[in-house]
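First comes the structure, then the notes that go with it.
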Amino acid sequence: MNGKVYLIGAGPGAPDLITVRGAEILKRADIVFYDALVHLDTLAFAPRAKKVAVGKRCSRISTDQRFINRNLVEAAHKYPIVVRLKGGDPMLFGRAQEEIAALKKAGIEYEIVPGVTAALGASAEVGVSLTRRGLSRSVVFVTPRVGEGEETANWVKSVLAADTAVLYMAAGQAGEISAILLGQGMPAATPAVVVEKATLPESRQFHTTLSGMRDAGQWNLQGPALIFLGEVFRESAVADTAIEELLRTLKVVSAN
Ligand code: SAH
């Protein structure tokens, strides 16, 4: 027999940000392969299912993409409803296409259920619209991370071309990214916001500028985080930077 495989977006973090459709399918699921980014409470939507961790951060079993692809195909031979649960939206930076290709090749039926991507969870949390009349008419979702054997992607061009940029899988190298973009002529004062664990209670935000991103080491990021760049963040970034500068001045004064 052949079951059906659902690639479901779990949303950016908070378990209740999954779609109603995603939650309904999870209720009926027989087996769920989930990523490290998926909140464990989200798995409670799937009481009947066998749960298999396939994320880098929470599983010791192979996280090789081919291994996951093979597992999905094998599971579809055994179970009627197979779920591949991914953080955010499955079609953004989630290697969904490789899984889709494997399922197609094996002649297995599949369906994609979208989710709220991290950028949108984070923009809601910061309370700043990614587009704004007269200020931002384009948003780019970009990652500086390139896969094995890939050419260094031209992510810098994309950032420079867009009014607002969201950088995924980048916060860990915020310092290097800042240096690269400054080197390409992006203004040092470009507002930047780094959001960690967006939509979760322990979420943190760092409002700074492109040049201020060099201090990223001090933030001690623990969870998934993304970087926003663009003029739409000016008010929030400027307010926070002014406070930081004031505190720095006070420190210098007290040290003297
Ligand atoms: N498919 C996912 C993205 C997977 S790539 C989506 O649509 O959101 C993983 C990257 O997503 C992380 O490195 C981080 O940049 C970002 N990310 C995921 N969850 C996040 C969260 N709760 N807060 C901030 N960034 C997050």
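Counting starts at 1 for both ligands and their atoms, in listed order. One is the number of the first residue; the rest follow in order along the sequence. Every value quoted in this text rests on a predicted model; they were computed, and no experiment measured them.
In this structure, Gln97 places its CD atom where only 12 or fewer heavy-atom neighbours from other residues, nucleotides or ligands lie under 6.0 Å away.
Distances between N or O atoms of Leu92 and those of ligand 1 include at least one value under 3.5 Å. Distances between N or O atoms of Met169 and those of ligand 1 include at least one value under 3.5 Å. Checking only distances, Ala198 does come within under 3.5 Å of ligand 1, N or O to N or O. Some N or O of Ala118 is nearer than 3.5 Å to an N or O of ligand 1, by distance alone. Considering both main-chain and side-chain atoms, Tyr168 never comes within under 3.5 Å of ligand 1 through any nitrogen or oxygen pair.
Taking all heavy atoms of Gly88, Ala225, Pro224 into account, the minimum distance to atom 15 (O) of ligand 1 is reached by Ala225.
Ion pairing between a basic and an acidic side chain is recognised when a charged N comes within 4.0 Å of a carboxylate O; Asp30 and Lys78 show no such pairing.
Residues Val52 and Ile31 form a side-chain contact, since some pair of their non-hydrogen atoms from C-beta on lies under 4.5 Å apart.
When each atom of ligand 1 is checked for a heavy atom of Val195 under 4.0 Å away, the hits are 24 (C). Heavy-atom proximity to Thr117, at under 4.0 Å, picks out these atoms of ligand 1: 6 (C), 7 (O), 8 (O). Heavy-atom proximity to Lys197, at under 4.0 Å, picks out these atoms of ligand 1: 22 (N), 23 (N). Interface atoms of ligand 1 facing Phe93, defined by a heavy-atom separation under 4.0 Å, are 4 (C), 5 (S).
A search for ring pair (Phe, Tyr, Trp, His ring centres under 6.0 Å) contacts involving Phe228 returns Phe233, not counting sequence neighbours.
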| request: Check step by step if side-chain hydrogen bond (donor to acceptor under 3.5 Å, both in side chains) holds for Glu125 and Ser203. | output: CA-CA 9 Å; Glu125 194 156 293; Ser203 173; 2.3 Å; yes
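Closest heavy-atom contact between Thr164 and Leu130: OG1-O, 2.9 Å.
Between the side chains of Thr42 and Tyr34, no donor-acceptor pair is found at a separation under 3.5 Å.
Within the structure, every pair that satisfies the salt bridge (charged side-chain N to carboxylate O under 4.0 Å, His left out) test and touches residues 1-23, not counting sequence neighbours, is listed here: Lys4-Glu109, Lys4-Glu111.
Within the structure, ligand 1 has Gly87 among the residues with a heavy atom less than 4.0 angstrom away. Within the 4.0 Å heavy-atom shell around ligand 1 one finds Pro12.
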